[in-house]
There are 2 protein chains.
Amino acid sequence: MKIELLTKNDNLSIQNTIISQIRDLINIKNLEPGDKLPSERMLSEKFEVTRSTVREAIQKLEFFGLLKSIPQSGTFVANIGVIALNGMIEDILRLDTPDFKSLVETRILLELKTVRLASLRRTEEDLKHLKSTLDAHEKKVLNGEDAVQEDLLFHLAIAKASRNSSMNTFMLTITPEIITNFEKHHVCSKNQVMSSIKEHKDIYDAIKNQNPKEAKDKMKAHFKILYQYCYNIK
Amino acid sequence: MKIELLTKNDNLSIQNTIISQIRDLINIKNLEPGDKLPSERMLSEKFEVTRSTVREAIQKLEFFGLLKSIPQSGTFVANIGVIALNGMIEDILRLDTPDFKSLVETRILLELKTVRLASLRRTEEDLKHLKSTLDAHEKKVLNGEDAVQEDLLFHLAIAKASRNSSMNTFMLTITPEIITNFEKHHVCSKNQVMSSIKEHKDIYDAIKNQNPKEAKDKMKAHFKILYQYCYNIK
DNA sequence: AATATAAAACTGGTTAACCAATTTGCATAT
DNA sequence: ATATGCAAATTGGTTAACCAGTTTTATATT
């Protein structure tokens with residue numbers, strides 16, 4: 001377990017080393033947007049690592065839109081100047097894995113927006129989906145069962161109804177992390193769970209009635225406990 | 001070119017097919033959190049695809065926190081119940097690649113928050129970094145040169161100073177996409193670029209003075225044109 | 001019958017050979 | 001000199017064999 005973690009960190013630091021070496025190479029060779037990088041084989045030889053290590057580094061930079069690989073042709077500097085490229089790589093190298101507080105903070109921000117957008121853009125199909133997740137949650141809570149999953153799905157249904165696929169994606173990436181952490185920290189008490197039924201209903205109604213202000217306010221009320229929690233943890 | 005696009009779509013739809021088959025398998029076998037999936041080799045044989053295709057599908061589900069691969073041991077259902085798992089996979093399968101409007105909308109949301117947080121949390125080091133990106137931008141604009149990159153780096157410096165690594169990551173993923181699109185749609189006129197110098201300065205001062213309201217307002221003013229643009233495109 | 005032990009089978013990850021498409025270099029023809 | 005055709009070299013991507021742990025199974029021992 002300890003060893004696994006070590007090698008994982010090692011892999012990441014090796015990858016970061018390769019990324020910064022690629023950056024240096026781009027700078028030394030004065031490569032501009034559209035220019036071709038040396039082949040993966042040459043880079044792996046130059047940096048004295050395996051080709052797959054180079055490959056992963058390139059894919060990470062590709063994910064952030066800085067490089068672009070074209071099959072049977074080569075890897076190219078994206079349509080971004082060297083100044084932005086250097087700055088962004090610097091940031092990427094220093095990226096931390098998000099802590100719980102960051103995640104909760106981001107979730108609240110996103111949801112206060114998605115709920116507003118959902119109230120403005122929701123289709124009839126969205127409403128049906130929202131209703132079914134709403135009912136599923138209520139049923140579980142009234143049965144005295146754990147309803148964390150149904151709670152999650154209601155919030156994701158809102159994100160979907162916001163018709164903003166970027167926010168929807170972000171919600172999908174951070175929410176699972178949050179709920180598993182939640183259970184660990186057991187944030188919610190029994191009373192809070194019961195009251196969440198009404199809070200969900202209020203949010204649903206606001207979306208149904210296409211009332212953006214109400215939707216946001218009701219979501220804010222729903223997050224009240226979460227707010228406190230988020231800003232109290234160190 | 002046309003063919004490349006086709007195969008890319010094909011690959012994605014094959015991956016989605018595999019993902020839904022994995023979901024079906026989890027349901028049929030009643031797998032619960034912590035349970036082990038069949039091995040990659042068995043899955044590839046069962047689904048009649050190569051092992052790497054199965055691998056990519058698993059990695060995507062791992063990215064969204066639904067599965068967890070452990071070396072030399074197996075792939076496991078994450079600590080998320082089957083209900084949430086089914087709902088989330090449904091969402092993941094239907095995820096669109098974000099359109100430009102979604103990206104701009106998300107950027108505005110994020111930046112109105114990061115600038116506020118930055119004003120509250122910025123360190124002296126953050127301030128130095130902000131100042132240097134501010135100056136670089138001003139210098140370029142006054143020289144009559146294109147300053148899109150410096151503009152980007154100023155905004156990323158704010159995201160960094162917000163000390164929220166989740167938002168910082170999101171900003172890093174969407175901003176390059178936005179600026180390349182911007183140049184395509186040529187959003188900014190000459191006058192707007194000149195006035196952006198003062199707008200940046202105002203934002204910087206608000207962050208320096210640790211005035212969150214001012215920071216947000218100045219950022220909002222800076223986004224005024226962007227707002228209009230975002231809500232006018234179809 | 002229960003336990004200890006070792007060997008065999010199985011696991012996700014890695015590597016090196018392979019593939020098909022592209023690019024390059026050169027000979028040839030115009 | 002320029003254009004054309006073609007083969008050789010080069011490219012990122014894919015595949016199948018391999019690796020180092022883990023897990024299971026069978027055997028031996030008490």
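Computation of the quantities below employed the complete heavy-atom set of this structure, encompassing side-chain atoms and omitting hydrogens, waters and symmetry-equivalent molecules. Convention: sequence-line order gives letters A, B, ...; per-chain numbering from 1.
In this structure, CE of B:Met42 is placed 7 Å from P of C:dT11, rounded to the nearest angstrom. Rounded to whole Å, the distance from CD on B:Glu40 to C1' on D:dT22 is 15 Å. As a whole-Å value, the separation of A:Glu45 CD from C:dT15 P is 16 Å. Summarising the geometry, the separation between CD1 on B:Ile58 and P on C:dG12 is reported as 7 Å, rounded to the nearest angstrom. Rounded to whole Å, the distance from CD on B:Glu62 to P on C:dG13 is 7 Å.
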Show the distances under 3.5 angstrom between N or O atoms of the protein and N or O atoms of nucleotides 18-21 of chain D.
{"from": "D:dC18", "atom 1": "N4", "to": "B:Arg41", "atom 2": "NH2", "distance (Å)": "3.2"}

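When the side-chain nitrogen and oxygen atoms of B:Arg55 are compared with OP1 and OP2 of C:dG12, none of them lie within a distance under 4.0 Å. Look at B:Thr50 and you'll find a side-chain N or O under 4.0 angstrom from OP1 or OP2 of D:dT15.
Other residues, nucleotides and ligands contribute only 12 or fewer heavy atoms inside 6.0 Å of the CD atom of A:Glu32.
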May I have the list of side-chain donor-acceptor pairs in residues 91-98 of chain B shorter than 3.5 Å, sequence neighbours left out?
{"from": "B:Arg94", "atom 1": "NE", "to": "B:Glu90", "atom 2": "OE2", "distance (Å)": "3.4"}
{"from": "B:Arg94", "atom 1": "NH2", "to": "B:Glu90", "atom 2": "OE2", "distance (Å)": "2.8"}

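The distance between the ring centers of A:His155 and A:His137 does not fall below 6.0 angstrom. Taking the six-membered ring for Trp, B:His200 and B:Phe154 have ring centres closer than 6.0 Å.
With no hydrogens or angles considered, a side-chain donor-acceptor pair links A:Thr123 and A:Asp126 at under 3.5 Å. Looking only at atom types and distance, the side chain of B:Ser166 has a donor-acceptor partner in the side chain of A:Thr106 under 3.5 Å away. Side-chain contact, B:Asp99 with B:Ser102: a donor N or O sits under 3.5 Å from an acceptor N or O.
The stretch residues 20-38 of chain B does not touch DNA chain D, since none of its heavy atoms comes less than 4.0 Å from the strand.
Between A:Glu105 and A:Lys101 there is no salt bridge, since no side-chain N of the basic residue sits under 4.0 Å from a carboxylate O of the acidic one.
Counting only heavy atoms from C-beta on, B:Ser52 has its side chain closest to D:dT15 among D:dT15, C:dG13, D:dG12.
Between B:Asn27 atom CG and B:Arg23 atom CZ the span is 7.0 Å, to the nearest 0.5 Å.
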